[in-house]
Amino acid sequence: ETGVTQSPTHLIKTRGQQVTLRCSSQSGHNTVSWYQQALGQGPQFIFQYYREEENGRGNFPPRFSGLQFPNYSSELNVNALELDDSALYLCASSLGGSTNEKLFFGSGTQLSVL
Amino acid sequence: AQSVTQLDSQVPVFEEAPVELRCNYSSSVSVYLFWYVQYPNQGLQLLLKYLSGSTLVKGINGFEAEFNKSQTSFHLRKPSVHISDTAEYFCAVSDPGGGNKLTFGTGTQLKVEL
């Protein structure tokens with residue numbers, strides 16, 4: 001079975017720009033979660049998508065938005081980038097959103113905002 | 001609201017020595033508890049989890065953790081570490097009613113030395 005893949009692996013943007021990060025779920029998984037991991041910190045939950053609908057959101061402003069497609073791949077969009085948005089963005093897929101469902105993480109996209 | 005405290009940011013240990021990585025949590029409700037490992041340039045991998053039942057949980061790679069409700073702790077242990085265990089370790093909690101949306105600690109860097 002294929003794992004969770006994220007693209008691009010690295011990205012450099014300037015303040016005020018917009019960025020789109022992409023995630024392909026593990027085969028058969030219908031739920032995708034996005035996390036932000038700032039340097040020296042643990043991952044923070046951004047939001048989760050289940051069957052193309054948002055299924056929970058963390059404490060992030062509306063300029064962080066997402067999509068999930070019929071094939072269950074997902075995008076994270078961030079508008080009006082700020083310096084503090086520099087972080088590793090992790091995508092995780094699971095077979096459903098219940099607590100018993102194991103999360104499978106991708107290797108992340110390292111975003112640098114200058 | 002839930003929170004996780006990992007008291008040690010770095011833990012150096014010699015190969016074949018035992019190790020304990022500490023984790024304390026705070027929550028107004030019952031919780032599920034997890035330990036994840038992150039190797040350099042990789043995503044997070046689940047080591048073990050506590051949902052209910054026996055308070056001693058065994059995971060992959062010889063790790064185990066013990067849930068202590070009175071001390072609100074979930075410390076990770078390994079009786080004999082290997083160089084390959086060098087990585088960042090994250091403790092996480094979730095609300096049983098909140099699905100698999102995790103709140104992570106800030107991580108402990110385990111460095112195994114010869």
Side-chain angles (χ1 to χ4, degrees), chain A residues 2-10 21 23-26 29-51 53-60 66 87-110, chain B residues 1-10 21-27 29-53 57 59-60 74 76 87-109:
Chain A
T2 59
V4 178
T5 57
Q6 294 186 242
S7 62
T9 54
H10 295 82
L21 310 182
C23 173
S24 292
S25 307
Q26 183 152 315
H29 287 183
N30 56 18
T31 303
V32 172
S33 305
W34 285 91
Y35 287 81
Q36 180 196 66
Q37 185 178 11
L39 189 64
Q41 301 296 315
Q44 281 196 293
F45 175 72
I46 304 175
F47 44 57
Q48 183 181 81
Y49 279 83
Y50 171 68
R51 292 186 174 180
E53 297 286 331
E54 188 176 288
N55 181 40
R57 187 179 182 91
N59 189 26
F60 280 81
L88 179 68
Y89 288 85
L90 295 167
C91 167
S93 74
S94 59
L95 184 61
S98 69
T99 308
N100 287 334
E101 297 299 340
K102 181 179 175 181
L103 290 172
F104 291 81
F105 283 85
S107 299
T109 294
Q110 184 66 56
Chain B
Q2 302 163 329
S3 66
V4 176
T5 302
Q6 293 185 244
L7 298 169
D8 306 302
S9 59
Q10 293 187 12
L21 306 183
R22 296 181 292 170
C23 172
N24 288 88
Y25 68 91
S26 174
S27 177
V29 298
S30 60
V31 296
Y32 293 159
L33 294 153
F34 306 80
W35 275 99
Y36 281 82
V37 60
Q38 186 175 34
Y39 298 103
N41 302 314
Q42 294 187 29
L44 282 77
Q45 181 182 5
L46 179 67
L47 276 177
L48 49 80
K49 62 184 178 183
Y50 172 78
L51 303 182
S52 65
V57 181
I60 63 171
F74 190 56
L76 181 70
E88 188 88 18
Y89 290 80
F90 292 95
C91 181
V93 301
S94 71
D95 175 354
N100 57 4
K101 308 171 188 71
L102 302 176
T103 299
F104 286 89
T106 52
T108 297
Q109 176 67 44

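Chain letters run A, B, ... following the sequence lines, proteins first, then strands; residues in each count from 1.
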In residues 30-38 of chain A, which residues are in contact with chain B at a heavy-atom separation under 4.5 Å? Y35(A), Q37(A)

At a heavy-atom distance under 4.5 Å, which candidate from Q110(A), Q41(A), Q44(A), K102(A) has the highest pair count against chain B? Q41(A)

Atom CD1 of residue position I60(B) - does it have more than 12 heavy atoms of other residues, nucleotides or ligands inside 6.0 Å? yes

Can you say whether L44(B) sits under 4.5 Å from chain A via the side chain, the backbone, both, or neither, judging by heavy atoms? both

Of all the heavy-atom pairs spanning K101(B) and N55(A), show the shortest one and how long it is. CE-O, 2.9 Å

Mind checking which of residues 34-41 of chain B sit less than 4.5 Å from chain A, heavy atom to heavy atom? F34(B), Y36(B), Q38(B), N41(B)

Below 4.5 Å from any heavy atom of chain B, which atoms of Q48(A) appear? Answer side chain, backbone, both or neither. side chain

